[in-house]
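As the structure is a prediction and not an experimental result, all values here were calculated from the model.
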Amino acid sequence: MKNQIKNLLRAGVFVLAAVFAFAFTKPLDSTPLYQEINGVVEDVSGLNYRCDNPQNEICTYQDPELTIPAQMGRFSLIP
């Protein structure tokens with residue numbers, strides 16, 4: 001009887017740990033971001049960039065037509 005209770009307790013702790021592992025992880029954002037670089041619209045989501053000086057400029061867009069703003073600021077590639 002004691003072994004059954006121990007096994008149930010271990011299983012419960014394992015299930016609880018699995019639930020917490022999924023509940024407290026942040027999903028990766030796989031939304032592509034676009035910007036015009038040297039006259040060519042490129043997907044910049046895989047590039048090292050930053051949006052400096054948040055102001056009324058649009059840094060990145062959600063679509064390749066550059067019509068839906070995603071982030072504000074000045075777009076700068078990081079070498």
Peer 1: Enter the distance from E42:CD to L77:CG here, rounded to the nearest 0.5 Å.
Peer 2: 8.5 Å

Peer 1: If I take atom CZ from residue R50 and atom CD1 from residue I78, how far apart are they, to the nearest 0.5 angstrom?
Peer 2: 5.0 Å

Peer 1: Same cluster or not: are M72 and Y61 linked, directly or through other Ile, Leu, Val, Met, Phe, Trp or Tyr residues, by side-chain heavy atoms under 4.5 angstrom apart?
Peer 2: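 Yes, because M72 and Y61 connect within a single hydrophobic cluster, where side-chain heavy atoms sit under 4.5 Å apart.
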
Peer 1: Apply side chain to side chain contact (heavy atoms under 4.5 Å, CB included) to N7 and R10, showing your working.
Peer 2: CA-CA 5 Å; N7 288 338; R10 285 182 188 156; 4.0 Å; yes

Peer 1: Quick one: closest heavy-atom pair of Q62 and P69, and the distance?
Peer 2: NE2-O, 3.8 Å

Peer 1: Taking D63 for its side chain and I68 for its backbone only, find out whether a donor-acceptor pair lies under 3.5 Å.
Peer 2: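 Answer holds: yes.
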
Peer 1: Are the side chains of Q35 and V41 in touch, meaning some heavy atoms are under 4.5 Å apart?
Peer 2: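 No, side chains not in contact.
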
Peer 1: Just wondering, do F75 and D52 contact through their side chains at under 4.5 Å, heavy atoms?
Peer 2: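 Counting from C-beta outward, D52 and F75 never come under 4.5 Å.
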
Peer 1: Let me check something: do I37 and I58 share a hydrophobic cluster, defined by ILVMFWY side-chain heavy atoms less than 4.5 Å apart, either directly or through other members?
Peer 2: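 Result: no, two separate clusters.
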
Peer 1: Considering non-hydrogen atoms only, spot the tightest contact between T31 and S45 and give its length.
Peer 2: O-CB, 4.2 Å

Peer 1: Can you sort out the partners of Q71 under side-chain hydrogen bond (donor to acceptor under 3.5 Å, both in side chains), two or more places apart, ordered by chain and number?
Peer 2: Y49, T60

Peer 1: Among the clusters formed by ILVMFWY side chains lying less than 4.5 Å apart, do L47 and L33 turn up in the same one?
Peer 2: yes

Peer 1: Would you name the heavy atoms of G73 and C51 that are closest together and state the gap between them?
Peer 2: CA-CB, 4.4 Å

